[in-house]
2 protein chains.
Amino acid sequence: MVQIPNPSSAPEPSAPRSAPTSADVARLAGVSRATVSYVLNNAGAVRISEPTRRRVHDAARELGYVPHAAARSLRAGHSRTVLMPAPSFPAGPLYSGFLSELQWALGRLDYTVVQYGSVGLHGDEAARAWAELRPVAVLVPGRGPGPRGVEILKRSGARAVVTLGPEAVKGAHALLMDHAVVGHRAVRHLVERGRRRIGVVMPAEDGLEFFSAPRLAGARDAVRGTDATVTELPLAHEERAAARLADRWDSLGLDAVFAYNDEYAMLLMRALQDAGVRVPGDTALIGADDLMLGRLLRPRLSTVHLELPSGRDLAALVDRAVHDPGAAPERREVLGATVVHRESS
Amino acid sequence: MVQIPNPSSAPEPSAPRSAPTSADVARLAGVSRATVSYVLNNAGAVRISEPTRRRVHDAARELGYVPHAAARSLRAGHSRTVLMPAPSFPAGPLYSGFLSELQWALGRLDYTVVQYGSVGLHGDEAARAWAELRPVAVLVPGRGPGPRGVEILKRSGARAVVTLGPEAVKGAHALLMDHAVVGHRAVRHLVERGRRRIGVVMPAEDGLEFFSAPRLAGARDAVRGTDATVTELPLAHEERAAARLADRWDSLGLDAVFAYNDEYAMLLMRALQDAGVRVPGDTALIGADDLMLGRLLRPRLSTVHLELPSGRDLAALVDRAVHDPGAAPERREVLGATVVHRESS
DNA sequence: TTGAAAGCGGTACCAC
DNA sequence: GTGGTACCGCTTTCAA
């Protein structure tokens, strides 16, 4: 018996031109769209007979039905999307760890975290782009939106805006992370150990001023009222730049350096050693971020250990804020910084 | 005279309860919603008088109107969202750089990149969650969805699914990045330099097997047909674990190590040196990923330099695939790996 | 040049 | 138990 190809029995090879909707499921199951919705959402208020439930589930599975999030949240008037602009700075292990912990914690609370790639959008323009997605909350790392941006987000339904940065913005919750404290701790440490002419490495790379400027400010603050001085040392993250800096080291007359972070510290340490400068004998050196690599250097690198807020705490804050959008914005300093004294200082 | 608070004259302090819609704008401007849409989207087909345009723009600005992306894409039947599941592995500088380049390039093509935090979702379940957002394309780093997952995504409107991982999936474009080549290059290099008993460091950390397993396989492959052997060396990313490994080093009888990547290599190098093992004299050492830190070690660390696909190329591939979803899936090996011979091997 | 209205896909109220 | 139906906010014919 010859098998005649039946178009309706072979939907597989040629993909259907558009996604199946709940109406398709309803048709196939021989019920109404309402019933499909009830069944698929396990509506507690409505009782659906077991045979019907099965028919609906079978139809949905057969069609490969996937609900349309946009339609759903349009109807519902809200979503459970937490939007985070993708950071403009290169994410190190600290931030990566924080982020994945946060995603996990928000996921447990049934929120969906979405990192939005806002390239080249600035200020209110960025806020508007985020607002188009109608997130229930917005978490902004780094330089946050201005007060107008926050207002835009709230007017378009964001029940919480949280900034993670150096300054609080009106109307938004603020987890204050002023990196000045990092520079302050580092340089205070150096001063306490008797150093007086202190260099502060400033990365030449773009996107880092956001951290380096406050760290420098903190360093300046730490020498206030002492006879110690701070000197800026621009440095690109490459060997030759470090070598050039090391070559003119004697002329700088420094007896200590706070190197922005452990990576720049490592770069500089190697260059200094190659140039015959003894660390910490001639020049004390301290980094920041407490990366594993610092522990492995010779001498072991002193550093400033950072304590970021826990993802769980931040998730809880978001959840609280979402439930009570009217509450006064929280404003909390969350950046812990403690010196880890090892061998280089 | 007592000031009686007038609710209607003071909309500022108490935020409006819901977001302004295009109907609100229309009402305020004294036009229809259609006109608002025309004006705000600069519809070329329809000419709107200049005074009307101004009235609409003014009204929109005054209300802080932001269009509702969900409603828009629901009506349009498609979006320009490119979805990427947030990677399950800790993102290093390589991946971060690649990602931001990709975001930039896709942004230039007017796509919006969204990283979706799919915590604890696996297989088809994850694919369904992604499909709910009806992205125009899905880019999956690491372990991609199965063929069924791809089918789900395509049926719900994704015009392109691209995997960036070790194996091609039916129906999806594949940028093949089989890390076996990394292990192969590293170990071949060691063998060529006369080493025979070769250790391969396997990170004990979760989420890395995805890279470490293929790298080990490649290493095994490289000794096939030679008299060299490969020994697995489990190692946690902490000093004490490295010290323990170094302590029993002599008993292992190895004359070379491929250390998974530069970070583990650095960890091991320090421990070996502390234990009196000379590198490369007693044991040659090679890492991978060509991180800056390797260049700064003594001896300078040999490594395997990885070449990831450029963000621009991948963006172009996505754009092509979106325009011609019917085309045969591209399948291309994109992971370049070349040994950088320095001093440790 | 502008407006009325249909409809995208789901949900939930109200009848039956 | 189940179905009809009115929305959610926006775009886009089609008429006026």
Side-chain angles (χ1 to χ4, degrees), chain A residues 16-56 59-60 63-80 128 131-134 136 155-157, chain B residues 16-56 59-60 63-80 128 131-134 136 155-157:
Chain A
R17 270 291 140 261
S18 73
T21 73
S22 76
D24 297 324
V25 177
R27 209 157 17 238
L28 182 56
V31 298
S32 73
R33 296 194 310 154
T35 304
V36 171
S37 179
Y38 292 141
V39 171
L40 264 32
N41 295 308
N42 280 317
V46 191
R47 290 265 158 272
I48 303 284
S49 71
E50 202 48 46
T52 304
R53 304 178 66 86
R54 278 187 40 78
R55 288 222 309 288
V56 169
L63 292 176
Y65 170 72
V66 176
H68 193 306
R72 192 204 296 269
S73 70
L74 179 58
R75 171 65 230 223
H78 61 257
S79 71
R80 289 192 67 81
R128 245 186 302 275
E132 290 193 0
L133 299 186
R134 296 293 191 276
V136 67
R155 283 174 97 95
S156 24
Chain B
R17 269 291 140 260
S18 73
T21 72
S22 76
D24 296 324
V25 176
R27 211 162 11 244
L28 183 56
V31 299
S32 75
R33 298 164 55 208
T35 304
V36 170
S37 179
Y38 290 142
V39 171
L40 263 35
N41 295 308
N42 281 316
V46 192
R47 292 262 158 272
I48 304 285
S49 69
E50 202 47 46
T52 305
R53 303 178 67 86
R54 281 189 42 77
R55 288 222 309 288
V56 170
L63 292 175
Y65 170 71
V66 175
H68 194 305
R72 191 205 294 271
S73 70
L74 181 58
R75 168 66 227 225
H78 60 257
S79 71
R80 291 191 67 83
R128 245 186 302 273
E132 290 194 1
L133 299 186
R134 297 292 192 275
V136 68
R155 282 175 97 96
S156 23

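All chains are named by letter (A, B, ...) in the order of the sequence lines, taking the proteins before the strands, and each is independently numbered beginning at 1.
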Requested in this report: List the protein contact pattern of nucleotides 5-11 of chain C with one symbol per nucleotide (5' to 3'): B for base contact, S for sugar-phosphate-only contact, - for none; contact means a heavy-atom distance under 4.0 Å.
Outcome: -BBBBBB

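Computed from coordinates, the A:Y38 OH to C:dA12 P distance equals 8 Å when rounded to whole Å. Atom CZ of B:R55 and atom P of C:dT1 are 14 Å apart (whole Å). If you take CG of A:N42 and P of C:dA12, they are 13 Å apart, rounded to a whole angstrom. Remark: P of D:dC8 and CG of B:D24 are 11 Å apart, rounded to the nearest angstrom.
Of all heavy-atom pairs between B:R53 and B:I48, the closest is CD-O, 3.5 Å. For the pair A:L40 and A:Y65, the tightest heavy-atom approach, listed with the atom from each and the gap, is CD2-CE2, 3.5 Å. Listed here is the closest heavy atom pair of B:R134 and A:P67: NH1-O, 3.3 Å. Taking all atoms of both residues into account, the shortest heavy-atom contact from A:G64 to A:P20 is O-CG, 4.0 Å. Between A:R55 and A:V31, the shortest heavy-atom contact is NH2-CG1, 3.7 Å. Here the closest heavy-atom approach between residue B:S79 and residue B:V136 is recorded as O-CB, 3.4 Å.
Residue contacts for B:S73: at a heavy-atom cut-off of 4.0 Å it reaches no nucleic acid atom on any strand shown. Counting any heavy atom pair closer than 4.0 Å across all strands shown, A:V31 reaches sugar-phosphate atoms only and no base atom.
Atom OG of A:S22 and atom CG of A:L63 lie 11.0 Å apart (nearest 0.5 Å).
Inter-residue side-chain proximity for B:D24 and B:T21 is flagged as met; some heavy-atom pair is nearer than 4.5 Å. The shortest distance between side-chain heavy atoms of B:H68 and A:L74 falls below 4.5 Å.
The bend of the helix from C:dT1-D:dA16 to C:dC16-D:dG1, defined by the angle between the axes of its first five and last five pairs, stands at 50° to the nearest 10°.
Distances shorter than 4.0 Å separate none of the side-chain N or O atoms of A:T35 from OP1 or OP2 on D:dT2.
Looking at the side chain of A:S49, the nearest of the listed nucleotides C:dG3, D:dG3, D:dG1 is D:dG1.
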